[in-house]
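Right, one structure below, let's go through it.
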Protein chains: 2
Amino acid sequence: MDRPDETGSGAGPTRGREATRARILASARELFTDEGYGSVSSRMIASHAGVNVALINRYFGAKRGLLTEILREDGVFPGLIEGDHGTLTRRLAEHAVSRLHGEGTALQRALDDSAGDPDLQAVYQGRITTAMIDPLSAYLGGEGERSHASLVAAVMLGLSRVRLVEGATALRALDRERLTARIQALLDLCLEDFGDPGA
Amino acid sequence: MDRPDETGSGAGPTRGREATRARILASARELFTDEGYGSVSSRMIASHAGVNVALINRYFGAKRGLLTEILREDGVFPGLIEGDHGTLTRRLAEHAVSRLHGEGTALQRALDDSAGDPDLQAVYQGRITTAMIDPLSAYLGGEGERSHASLVAAVMLGLSRVRLVEGATALRALDRERLTARIQALLDLCLEDFGDPGA
DNA sequence: TGGTATAGGTAAACGGTGTTGACCTGTCAA
DNA sequence: TTGACAGGTCAACACCGTTTACCTATACCA
């Protein structure tokens, strides 16, 4: 039962509250990655982590809390919404295309695939705003940019939605560079000033 | 098997298998509209329809079958993907904007709001393809147009996703005509030939 | 050393879900 | 009268997430 040897200093405790918490979190991460969120039950996580079911709710409030924690650690668009303004849409487009092709973290893929679950949805609901639209509009230069950020988010979300729901076979069959360019063009159009009546 | 009071010719039978089926369907429609899909249980539908729970699965296979049936009756973009080619994107854009503003059938709104449920997702998975991308690409002129149709679908789905997940407050605050025009421009860009390197 | 407070963990139950299989019943045909 | 059968009922099944009451081993203190 006891684990007397603390192997490393940075690895965190091997027993006690923190260790158990970490074990649950790691198991959840692994199972979510392999099976998707909805298919993994609290009991599966607990048994995989070798702990009691009740501890999940004790430590994370609910199953949803696990998800929140995991997403908080990862970030949604890590490193994309920063850097050179000029290449922002290009970076986002590349990101979208790579997601279309099923690249990215295994966990990301798994969560994309179970993006239907009400829990996941509820958690995303917050994350999309705080991790995507908020920083994007801040990055673009203030609250007035919020509608532009929303449009960008719509295109990005829509693409992953199409992949989820239809497989996006046709899009993935396209020449990758052409597709990236087109998506970038879409994102650029999202960012154009609304005040401009254009042609 | 007498049917003494057939009120109208088109109203269908008032008892027997078909009547029960219709009663379940009507109750489901009403409850889904008022409460959303996930919040309505099989037992609620059965009790509202005054029938036994088991009949739902007998007649529709599962709760999901009810949804399939209801969506099949309604169509996703009724009447949008037909008519003049020149105004297609305009019609779609108007549709998207009206959805952003929470207009449309009460049922449509309710289902938009519960778009998270795995069941709903599974059903949509088929419907998006057969009722949106398929007819759209056919309408546009063949299988080669499938990638364009997918992009259009992405923008449309993404917009409803943003509304679902963030409320789309910023977008709804925009001048309606300007927003419609911008979305139309996005859709037009989706439809442009990929072969054309453009500017 | 003995006593106790407490952090950490457990077992069992609760109320809910969708779904299923065995059973009943009323109506019609022979 | 008898039998078949469509139509309907009931109780159970196997899960789910969550909560409550309880236990146990450790750590501290008189």
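Chain identifiers are assigned alphabetically (A, B, ...) following the order of the sequence lines, protein sequences preceding nucleic acid strands; residue numbering begins at 1 within each chain.
- The pair A:Glu18-A:Arg23 does not meet the salt-bridge criterion, since no charged nitrogen lies less than 4.0 angstrom from a carboxylate oxygen.
- Side-chain contact between A:Phe60 and A:Leu55: absent, with no pair of heavy atoms (C-beta onward) separated by less than 4.5 Å.
- If you measure from atom CZ of A:Arg58 to atom C1' of C:dT10, you get 10 Å, rounded to the nearest angstrom.
- Rounded to whole Å, the distance from CZ on B:Arg21 to C1' on D:dG8 is 16 Å.
- Listed candidates were D:dG8, C:dT10, D:dC10. Nearest to the side chain of B:Ala54 is D:dC10.
- Remark: C1' of C:dG18 and CG of B:Leu120 are 16 Å apart, rounded to the nearest angstrom.
- Rounded to whole Å, atom C1' of C:dT10 lies 13 Å from atom CD1 of A:Ile24.
- Against DNA chain D, the stretch residues 29-49 of chain B makes heavy-atom approaches under 4.0 Å through B:Arg43.
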For residues 168-175 of chain A, tabulate all N or O donor-acceptor pairs below 3.5 Å that involve a side-chain atom, not counting sequence neighbours.
unit_1, atom_1, unit_2, atom_2, d
A:Arg172, NH1, A:Gly167, O, 2.5
A:Asp175, OD2, A:Glu177, N, 3.3
A:Asp175, OD2, A:Arg178, N, 2.9

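- Between A:Asn57 and B:Val53, the residue anchored nearer the 5' end of DNA chain D, judged by the nucleotide with its closest heavy atom, is B:Val53.
- Salt bridge annotation for B:Glu94-B:Arg90: present, with a cationic side-chain nitrogen under 4.0 angstrom from a carboxylate oxygen.
- Residue B:Phe60 contributes atom CZ, which lies 14 Å from atom P of D:dG7 at whole-angstrom precision.
- If you take CG of B:Leu55 and C1' of C:dT20, they are 13 Å apart, rounded to a whole angstrom.
- In this model, the phosphate group of C:dG9 is approached by a side-chain N or O of A:Thr20 to a distance below 4.0 Å at OP1 or OP2.
- The pair B:Arg146-B:Asp134 counts as a salt bridge, with a side-chain nitrogen and a carboxylate oxygen less than 4.0 angstrom apart.
- Taking atom CD of residue A:Glu18 and atom P of nucleotide C:dG9, one finds them 11 Å apart after rounding to whole Å.
- Distance CZ (A:Arg64) to C1' (D:dC16): 15 Å, rounded to an integer number of Å.
- At a threshold of 4.0 angstrom between heavy atoms, the contacts of B:Tyr59 are confined to the sugar-phosphate backbone, with no base atom among them.
- For the pair A:Glu73 and A:Arg29, the salt-bridge criterion is met [side-chain N within less than 4.0 Å of a carboxylate O].
- In the set C:dT19, D:dC10, D:dG17, the nucleotide with an atom closest to the side chain of B:Lys63 is C:dT19.
- Counting heavy atoms from C-beta on, the side chains of A:Ser150 and B:Glu166 come closer than 4.5 Å.
- Listed nucleotides: C:dA11, C:dT19, D:dG8. Nearest to the side chain of A:Asn52: C:dA11.
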